Amino acid sequence: MSGCRVERSSHGPFQRLSFLRATAMGVAQMSVYRVGDTLIDTGGTPIGPDLVAALATDPPRRIVLTHQHEDHVGNVPLLKRHFGDVPVYAPRQHVGIIASTSRVPDYRAFFWGHPEPTEDLIPYESGTEFDTGDAVLDAVLTPGHTPHHIALVATVAGVRYALTGDLYTSKPLEAWYESAADDMAASLRRLLPGAAMMPLVVLPTHGRVKDDGVSLLGDAADWLDREADRVRRAAAESGSSSHRTLAQVLYSHLGPDLTDACSGGEISRAAFVRSVREPVRALPATLPT
Ligand SMILES: [Zn+2]
């Protein structure tokens with residue numbers, strides 16, 4: 001065991017396994033989801049032994065990955081060693097990245113661990129349907145957090161469930177350096193139910209499950225649109241081409257950007273400003289300047 005606390009919760013046909021690991025810098029939390037015979041995402045390598053133990057009585061027969069980051073893909077080889085050569089599906093454009101990434105920056109390794117690379121991935125596309133036995137998952141292209149990110153959506157008994165991976169965040173100003181603000185707003189709206197009055201449950205990797213998904217995602221998209229307008233106006237007024245300088249102008253009243261300092265710029269307000277002015281639509285991305 002790696003000493004995680006594991007919290008299980010059920011949401012319609014989905015079971016969430018949330019792993020909480022104490023670190024010197026607070027609790028690192030990440031979750032995976034189980035529905036029918038399928039596991040969605042695998043967490044990072046620090047939770048590997050706890051994940052294997054949690055799945056041991058009913059191993060998955062298929063794994064679907066939402067995107068390439070280490071806290072989602074890190075344990076694929078470990079699970080295959082324990083549970084056999086189950087098919088593992090990854091977004092087509094992320095397959096090569098997952099196969100070749102064994103190191104991440106130190107601060108990411110501290111929280112999520114270095115991933116164990118894996119090559120036997122089956123590429124999948126937006127529009128793919130995975131019939132898990134308990135629900136049919138629809139793969140929905142949802143870039144914004146990172147290009148080619150995919151969310152998995154199912155409607156069961158009149159309720160829509162969205163496994164949002166890392167698309168939705170409650171702290172949008174702590175933006176990831178592979179972000180695109182306009183794509184993110186469009187992706188959030190793409191997950192809203194087409195039918196009026198249908199509830200939406202948001203099942204994210206990090207943070208709590210949200211039963212008020214319709215207002216939550218709609219409000220988040222509206223906030224992004226408004227803030228993007230503010231960034232563009234400030235850029236026009238200042239004449240500065242530096243995302244970092246503009247972030248200072250716009251957000252210095254919030255105090256120092258601590259995540260910027262800790263992450264070497266990968267998670268930062270400057271990355272948010274860049275996500276508006278120069279949205280990232282291809283990988284690899286550079287750091288904001
Ligand atoms: Zn991510």
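Worth knowing before you read on, the calculation uses all heavy atoms, side chains too, and leaves out hydrogens, waters and symmetry mates. Being a predicted model, the structure only gives us computed values, none of them experimental. Remember, it's 1-based here, ligands and their atoms both numbered in the order they're listed.
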side-chain hydrogen bond (donor to acceptor under 3.5 Å, both in side chains) with Asp229: which of Arg233, Arg232, Arg226?
Arg232
Run the salt-bridge test on Asp222 and Arg189 with the 4.0 Å N-O cut-off and return the result as yes or no.
yes
Distance below 2.8 Å from the Zn ion (ligand 1): protein N/O/S atoms
His67 NE2, His69 ND1, His145 NE2, Asp166 OD2
Arg244: side-chain hydrogen bond (donor to acceptor under 3.5 Å, both in side chains) partners, not counting sequence neighbours:
Asp260
Tell me if the centroids of the rings in Tyr161 and Phe14 come within less than 6.0 Å of each other.
yes
Nearest heavy-atom contact between Gly96 and Ser100 is O-OG, 2.8 Å
Which residue in the set Asp41, Thr146, Asp166 passes side-chain hydrogen bond (donor to acceptor under 3.5 Å, both in side chains) when paired with His67?
Asp166
